[in-house]
There are 2 protein chains.
Amino acid sequence: MNADNLQDRMLSAIMPEHNAEPPARWQQRKSAQTRQRLVEAGVDCLVEGGYSGLTTAAVAERCAVSRGAMHHHFPTRLELVAAVVEHVFYQRMRRFLDDYFAALKERGEELMIEIACEAHWQSVQTREYAAYLELLVAARSDAELAALFQPAARQYDEVWTREMIEAFPQWERHWQDLKLASDFTQVLHMGLLLHRTPFADEARREQVRQMGNRVVRGLYDRK
Amino acid sequence: MNADNLQDRMLSAIMPEHNAEPPARWQQRKSAQTRQRLVEAGVDCLVEGGYSGLTTAAVAERCAVSRGAMHHHFPTRLELVAAVVEHVFYQRMRRFLDDYFAALKERGEELMIEIACEAHWQSVQTREYAAYLELLVAARSDAELAALFQPAARQYDEVWTREMIEAFPQWERHWQDLKLASDFTQVLHMGLLLHRTPFADEARREQVRQMGNRVVRGLYDRK
DNA sequence: CGCATAACCGGCGATACTGCCGGTTTTATG
DNA sequence: CATAAAACCGGCAGTATCGCCGGTTATGCG
């Protein structure tokens, strides 16, 4: 398995179109840059004000861009949302892969399980994941958003599952267990993130997380 | 341990004031009834439209109550929200206790762990829990709501933890494990609920849930 | 029966977000 | 240099939600 190949393949599979080829022209490059800044401001608004806080005015103001320019890049709010959705999924995968392969190179393959759990937990702590969560929850009660979000989530999961099975040949024929371990970790980490409020004590979350890691390790060792 | 006593004590500890004593007067009784209907309509709006869908107009319309009457019961939107928060926490505990003690009586105490997991999973499937989730997420980015939500969540957790330790004498001195099992289940079930969208396949969620149950059972057996 | 109180009604202005438009500046091309 | 095209600007009307108010109906009490 070549780490860089896998990383590139996974990322390119869900890369937003506008990220693909940086144009040579000055104007278009600046335009793409502004667009990117707007999308990232959208992520900020999402994190700070929830889905209903993702307004065209707020995003434009945060970028020091006029509402007219905003309209030029994103004629409607929903088109902005679509760009944010793409960006968030892409960054989510990117963060995990970067962390994972960096740590793997440094600490060695025998700690693979712990490294993967740690990298995923790190990826959950990011701004982008917070934005993902806001979108996920909002999509439960907003049909328009769901129409954008669900296909993206489906594709993300598809790419993730496919490449994961190929990336961990150690699990061999037990790839159902690998998938289960991955699903379990994703579920647990999302729950942990949301229990920051109900569980005032940080140690409680940490204990649950450690137990989750042990469960995944056990799933691997018994194969 | 007397089940009914425990149930009453836990519920009364977080019961909304307006539920306490039903007044004798016709008028006041009808008023309390209308108020209750408004709160429940608030839950519906929350589930169907998220926190930003919880508007005074929407709630009033759903109850076939004028905006004036609405204003009479809840002068501001935030007061309505406060009532909904109280109601949601109360119902969440109520649903769990009802299910748990009913199943315990029917299936016997040796299945306690499985029954508790099942009852909690059931309580997570309810409308009220969906509303709880919306409030929890919205409270992350809305200071006013957080000021209402966090104390309520704190109190809920406090009552839950205290009574749980008393209700399960079997765990004896291993009450840290009991707490860990409870925290783990709460975290996992919330994550599972939210992964309904990303995991298209229902069987995957079910597998993760079953594995969670086994983990809790293991925690109990090894004590 | 009559007055006081509580419950309910519908409309007002203020604010904020959306989508759209005409006009202006900056960059590319012949 | 002139013209086209792309990027950016600021304001307008439409809509929805909010908090608030004066007025109306129903109930409780002497």
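Every heavy atom of this structure was used, including side-chain atoms; hydrogens, water molecules and symmetry mates were not.
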Return the value, rounded to whole Å, for the distance between atom [atom1] of [X] and atom [atom2] of [N].
{"X": "A:Leu54", "N": "C:dA16", "atom1": "CG", "atom2": "P", "result": "18 Å"}
{"X": "B:Glu144", "N": "D:dC18", "atom1": "CD", "atom2": "C1'", "result": "12 Å"}
{"X": "A:Gln33", "N": "C:dT26", "atom1": "CD", "atom2": "P", "result": "18 Å"}
{"X": "A:Arg35", "N": "D:dA6", "atom1": "CZ", "atom2": "C1'", "result": "15 Å"}
{"X": "A:Tyr51", "N": "C:dC17", "atom1": "OH", "atom2": "P", "result": "15 Å"}
{"X": "B:Met70", "N": "D:dC20", "atom1": "CE", "atom2": "P", "result": "14 Å"}
{"X": "B:Phe74", "N": "D:dT17", "atom1": "CZ", "atom2": "C1'", "result": "18 Å"}

Would you tabulate the nitrogen or oxygen pairs shorter than 3.5 Å linking the protein to nucleotides 9-11 of chain C?
{"residue": "C:dC9", "atom": "OP2", "partner": "B:Ser66", "partner atom": "N", "Å": "3.0"}
{"residue": "C:dC9", "atom": "OP2", "partner": "B:Ser66", "partner atom": "OG", "Å": "3.1"}
{"residue": "C:dC9", "atom": "O5'", "partner": "B:Ser66", "partner atom": "OG", "Å": "3.3"}
{"residue": "C:dG10", "atom": "N7", "partner": "B:Gly68", "partner atom": "N", "Å": "3.4"}

Taking the side chain as every heavy atom from C-beta outward, state whether A:Tyr156 and A:Pro151 have any pair of such atoms under 4.5 Å apart.
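A:Tyr156 vs A:Pro151: side chains apart.
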
Measure up the A:Phe96 and A:Tyr100 rings against each other and bin them: parallel (under 30°), tilted (30 to 60°), perpendicular (over 60°).
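Geometry flag for A:Tyr100 against A:Phe96: parallel rings.
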
Quick one: are the ring centres of A:Trp160 and A:Phe89 less than 6.0 Å apart?
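Ring centroids of A:Trp160 and A:Phe89 are no less than 6.0 Å from each other.
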
May I ask you to decide whether B:Arg204 forms a salt bridge with A:Asp157, counting only side-chain N to carboxylate O separations under 4.0 Å?
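Salt bridge: yes.
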
So with a 6.0 Å cut-off around CZ of B:Arg162, is the heavy-atom count from everything else above 12?
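Yes, the 6.0 Å shell around CZ holds more than 12 heavy atoms from other groups.
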
Hey, is the side chain of [X] poking within less than 4.0 Å of OP1 or OP2 on [N], counting only N and O atoms?
{"X": "B:His72", "N": "C:dC8", "answer": "no"}
{"X": "A:Thr56", "N": "C:dC17", "answer": "no"}
{"X": "A:Thr34", "N": "D:dA7", "answer": "no"}

With the side chain of A:Arg77 defined as its heavy atoms from C-beta on, choose the nearest nucleotide among D:dC18, C:dC8, C:dT18.
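When the side chain of A:Arg77 is considered, C:dT18 is the closest of D:dC18, C:dC8, C:dT18.
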
Qualifying residues under ring pair (Phe, Tyr, Trp, His ring centres under 6.0 Å), relative to B:His120, sequence neighbours excluded:
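Testing B:His120 for ring pair (Phe, Tyr, Trp, His ring centres under 6.0 Å), a comparison that skips the adjacent residues, returns B:His189.
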
For A:Asp44, all residues meeting salt bridge (charged side-chain N to carboxylate O under 4.0 Å, His left out), sequence neighbours excluded
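Here the qualifying residues are A:Arg62, A:Arg127.
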
